[in-house]
**Student:** 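Attaching a single structure in structure tokens format; questions to follow.
So you know, we letter chains A, B, ... as the sequences are listed, proteins then strands, and number each from 1.
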Amino acid sequence: MGIAKAMAEIERGTAEIIDLERIETLVTRYYNEGETYRVKLGLDPTAPDLHLGHTVILQKLSVFQKHGAIVQLLIGDFTAMIGDPTGKNETRKVLDRDTVKENAKTYQEQAFKILDPDKTELMFNSTWLDALGADGMIQLTTQYNVARMLERDDFEKRYKAGQSIAVSEFLYPLLQGYDSVAMECDIELGGTDQKFNLLMGRHLQRNYNVGKEQAVLMMPILEGLDGVQKMSKSLGNYIGIAEEANTIYAKVLSISDTLMWRYYELLSNRSLTEIAELRRGVEDGNIHPKKVKEMLALEITTRFHDEAAAKDAQAEFNKVFAANQLPTDIPEFAAEEGIWICKALVDAGLEPSTSQARRDIQQNAVSIDQKKIGDVKLNLEAGEYILQVGKRKFAKVKVG
RNA sequence: GGUGAGAUACUCAAGUGGCCAACGAGGGCAGACUGUAAAUCUGCUGGUUUUUACCUUCGGAGGUUCGAAUCCUCCUCUCACCA
């Protein structure tokens with residue numbers, strides 16, 4: 001493959017690249033002399049469930065692997081103790097080594113759905129940060145000053161808003177930057193929100209005389225299903241890559257039409273020209289936007305499962321939501337005769353509390369065997385029923 | 001160390017003795033309309049084997065009072081100014 005084409009693949013969809021020249025040099029050297037280089041990605045071991053937001057960067061890493069990169073997946077087991085400053089004053093729970101190892105393993109398994117295992121190294125930053133010691137830590141803190149630290153967007157905002165900033169939080173960017181020193185990486189990837197930390201790596205590599213300064217490549221932050229907030233597990237607006245085909249398909253289809261184009265740009269493997277054509281088609285009214293969304297849903301579902309599973313998911317989706325029929329697999333549970341409907345809904349996991357169940361029944365959101373019920377005092381007699389709350393929550397109950 | 005201000009539900013934010021399970025906004029859930037899209041309209045948004053009732057909640061622990069998110073004391077945390 002030509003170097004120009006490789007570079008075009010690397011640059012696609014990026015938010016910002018610092019030191020593009022260096023990347024080009026590395027790629028060129030690979031193609032001419034077969035010399036590999038190192039690309040780093042730091043991961044937080046607290047949340048082992050990868051979602052599409054992570055895959056934006058992982059996909060980029062896999063592009064690099066095609067062009068001569070050895071990927072360094074860094075598990076931030078040490079830095080997890082501090083937690084990247086987020087503005088939230090949550091106390092982090094301290095993870096023990098075993099949990100971290102387990103999380104790392106899960107990470108790895110999931111990441112290998114996208115990455116080439118033969119060109120990936122797994123690392124833990126406790127390896128060198130444990131060894132740093134108090135004097136090493138102090139040495140590290142002399143490399144930067146408070147005024148510059150406060151330039152970091154998040155710190156600046158909080159400082160101006162009069163919110164607290166723990167001293168330990170200043171350590172986070174420094175330690176992350178020091179990782180780059182220890183790893184001697186050539187390029188570091190991250191989201192745009194990581195810019196400050198990524199640049200710190202460059203700064204520290206220079207100060208510690210590593211002999212190179214990492215290039216930085218930032219990917220845009222993928223919005224979650226709501227289209228506003230960034231995709232994250234804690235916000236519940238994510239599509240997990242380990243989720244079932246049906247779920248992934250349905251979630252993709254539930255995004256807004258505007259957001260769909262964003263997902264195309266960042267997640268699809270279709271060429272940019274192809275995407276532009278689809279877009280024109282929709283704008284001209286020649287293609288129904290739902291068709292385009294279905295294509296995206298199929299593509300993404302196929303990526304984490306396979307084509308057959310994706311097709312099945314599509315069929316199932318149409319059956320349940322377009323044709324209003326019952327899904328194929330409905331979780332079952334048993335209950336005693338005469339059980340109060342609200343209690344049954346809670347037991348089935350369809351409702352969080354009987355009070356909530358009561359409200360939903362009053363609002364016509366609950367049906368039994370596809371018939372709405374309005375009676376909150378209903379007790380179920382012996383028999384089998386299909387319970388449904390809203391459009392998407394189903395359960396089969398055996399009473400008696 | 002001193003002085004002052006503040007801590008309310010998922011978030012922001014009213015409420016300064018009874019009309020408070022606590023205004024409002026955002027978010028979320030549900031209904032109508034749809035393409036499980038968007039926009040719009042409507043309802044709900046602490047819990048309880050059963051609800052015009054009862055129980056728990058306004059940083060924490062005590063106290064005053066017939067009655068406290070509201071008053072008092074101590075504590076914890078945050079911010080500002082001074083040192």
**Student:** Between the side chains of A:Glu294 and A:Lys291, is the shortest nitrogen-to-carboxylate-oxygen separation below 4.0 Å, so that they form an ion pair?
**Tutor:**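 Between A:Glu294 and A:Lys291 there is a salt bridge, with a charged N closer than 4.0 Å to a carboxylate O.
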
**Student:** Could you check which nucleotide pairs with B:C44 in any of the strands shown, counting Watson-Crick or G-U wobble with both distances under 3.5 Å?
**Tutor:**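 Pair assignment: B:C44 / B:G28.
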
**Student:** For B:A80, give its Watson-Crick or G-U wobble partner with both distances under 3.5 Å, or none.
**Tutor:**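 By the stated definition (distances under 3.5 Å), B:U3 pairs with B:A80.
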
**Student:** Let's see if you can work this out: which of B:U34, B:G35, B:U50 has an atom nearest to the side-chain heavy atoms of A:Lys391?
**Tutor:**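 Selected nucleotide (nearest to the side chain): B:U34.
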
**Student:** Nearest-Å distance, CG (A:Asp360) to P (B:G31)?
**Tutor:**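 It is 8 Å, rounded to the nearest whole Å.
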
**Student:** How would you label the contact of A:Asn364 with the nucleic acid (heavy atoms, under 4.0 Å): base, sugar-phosphate, or nothing?
**Tutor:**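 Here A:Asn364 touches the backbone only, sparing every base.
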
**Student:** On the nucleotide B:U49, are OP1 or OP2 found under 4.0 Å from the side-chain N or O atoms that A:Thr354 carries?
**Tutor:**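 Yes, such a contact exists.
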
**Student:** Check A:Asp116, A:Leu58, A:Leu122, A:Thr120 against A:Val71 for a side-chain contact (heavy atoms from CB on, under 4.5 Å) and give me the one that passes.
**Tutor:**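 Only match with A:Val71 under side-chain contact (heavy atoms from CB on, under 4.5 Å): A:Thr120.
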
**Student:** If I take atom CH2 in residue A:Trp340 and atom C1' in nucleotide B:U48, what distance separates them, rounded to the nearest angstrom?
**Tutor:**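 From A:Trp340 CH2 to B:U48 C1': 8 Å.
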
**Student:** Please determine whether any donor N or O and acceptor N or O are separated by less than 3.5 Å between the side chain of A:Gln363 and the base of B:G31.
**Tutor:**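 Checked by distance alone, the answer is no.
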
**Student:** Say you pick atom P in B:A38 and the same atom in B:G6; how far apart are they, in whole Å?
**Tutor:**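 The answer is 42 Å between these two P atoms.
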
**Student:** Distance alone, cut at 3.5 Å: any donor-acceptor contact between the side chains of A:Thr273 and A:Ser271?
**Tutor:**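 Looking only at side-chain atoms, A:Ser271 and A:Thr273 do form a donor-acceptor pair, the distance falling under 3.5 Å.
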
**Student:** Applying the side-chain contact (heavy atoms from CB on, under 4.5 Å) test to A:Ser126, which of A:Thr79, A:Val100, A:Ile75, A:Asp77 qualifies?
**Tutor:**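 When A:Thr79, A:Val100, A:Ile75, A:Asp77 are each tested with A:Ser126, the side-chain contact (heavy atoms from CB on, under 4.5 Å) holds only for A:Asp77.
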
**Student:** Quick check, are the ring centers of A:Phe155 and A:Tyr159 under 6.0 angstrom apart?
**Tutor:**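 So the answer is no for these two rings.
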
**Student:** Quote, to the nearest angstrom, the C1' distance that separates B:A22 from B:U45.
**Tutor:**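 14 Å, rounded to whole Å.
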
**Student:** Mind checking A:Leu259 for me? I need base, sugar-phosphate or nothing, with any heavy atom below 4.0 Å counting as a touch.
**Tutor:**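 Touches nothing.
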
**Student:** Find the distance A:Asn379:CG to B:U50:C1' and express it as a whole number of Å.
**Tutor:**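 To the nearest whole Å, that distance equals 8 Å.
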
**Student:** Rounded to whole angstroms, how far apart are CZ on A:Arg359 and P on B:U51?
**Tutor:**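 Rounding to the nearest Å, CZ of A:Arg359 and P of B:U51 are 15 Å apart.
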
**Student:** By nearest heavy atom, map A:Arg392 and A:Asp226 onto RNA chain B; which one lands nearer the 5' end?
**Tutor:**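 The residue mapped nearer the 5' terminus is A:Asp226.
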
**Student:** Can you tell me how far P in B:U57 sits from the matching atom in B:U51, rounded to whole Å?
**Tutor:**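 Straight-line distance between the two P atoms is 23 Å.
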
**Student:** Please check the phosphate of B:U36 (OP1 and OP2 only) for any side-chain N or O of A:Lys290 closer than 4.0 Å.
**Tutor:**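 Yes, such a contact exists.
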
**Student:** In whole angstroms, how far is the C1' atom of B:C54 from the CZ atom of A:Arg358?
**Tutor:**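 Distance, rounded to whole Å: 12 Å.
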
**Student:** Could you tell me how far B:A7 sits from B:C72 if I compare only their P atoms? Round to whole Å.
**Tutor:**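 Their P atoms lie roughly 14 Å apart.
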
**Student:** Quick one: look up who B:C71 pairs with, Watson-Crick or G-U, both distances under 3.5 Å, and put none if it's unpaired.
**Tutor:**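 Its partner is B:G63.
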
**Student:** Determine the Euclidean distance between corresponding C1' atoms of B:U70 and B:A14; express it in Å to zero decimal places.
**Tutor:**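 Nearest-Å result for B:A14 against B:U70 at atom C1': 13 Å.
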
**Student:** Please determine whether a side-chain nitrogen or oxygen atom of A:Ser355 lies at a distance below 4.0 Å from atom OP1 or OP2 of B:U48.
**Tutor:**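 Yes.
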
**Student:** Using the P atom on both, measure B:G27 against B:U78 and round to a whole Å.
**Tutor:**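 To the nearest whole Å, 32 Å.
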
**Student:** So which nucleotide from B:G35, B:U36, B:U50 ends up closest to the side chain of A:Asp257?
**Tutor:**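 The nucleotide sitting nearest to the side chain is B:G35.
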
**Student:** Taking atom C1' in both B:U16 and B:A25, compute the distance separating them and give it to the nearest angstrom.
**Tutor:**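 Taking atom C1' in both B:U16 and B:A25, they lie 22 Å apart.
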
**Student:** Check whether the ring centres of A:Tyr144 and A:Phe170 lie less than 6.0 Å apart, and answer yes or no.
**Tutor:**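 No, too far apart.
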
**Student:** Using atom P in both nucleotides, what's the gap between B:G46 and B:C58 to the nearest angstrom?
**Tutor:**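 About 15 Å, rounded to a whole number of Å.
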
**Student:** Please determine whether a side-chain nitrogen or oxygen atom of A:Arg262 lies at a distance below 4.0 Å from atom OP1 or OP2 of B:A37.
**Tutor:**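 Result: no.
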
**Student:** Could you point out which residue of A:Arg206, A:Glu188, A:Arg22, A:Met183 forms a side-chain contact (heavy atoms from CB on, under 4.5 Å) with A:Gln214?
**Tutor:**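 The side-chain contact (heavy atoms from CB on, under 4.5 Å) with A:Gln214 is passed solely by A:Glu188 among A:Arg206, A:Glu188, A:Arg22, A:Met183.
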
**Student:** Quick one: on RNA chain B, does A:Val346 or A:Lys372 contact a more 5' nucleotide (nearest heavy atom)?
**Tutor:**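 Closer to the 5' end of RNA chain B: A:Lys372.
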
**Student:** In whole angstroms, how far is the P atom of B:A37 from the CD atom of A:Glu223?
**Tutor:**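 Checked: the CD to P distance equals 19 Å.
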
**Student:** Please name the nucleotide paired to B:A13 by Watson-Crick or G-U wobble geometry with both distances under 3.5 Å, or report none.
**Tutor:**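 Pairing partner: none.
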
**Student:** Using whole Å, report how far CG of A:Asp347 lies from P of B:U48.
**Tutor:**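 Atom CG in A:Asp347 sits about 11 Å away from atom P in B:U48.
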
**Student:** May I have the distance from A:Ile373 (atom CD1) to B:G31 (atom P), rounded to whole angstrom?
**Tutor:**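 The answer, rounded to whole Å, is 13 Å.
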
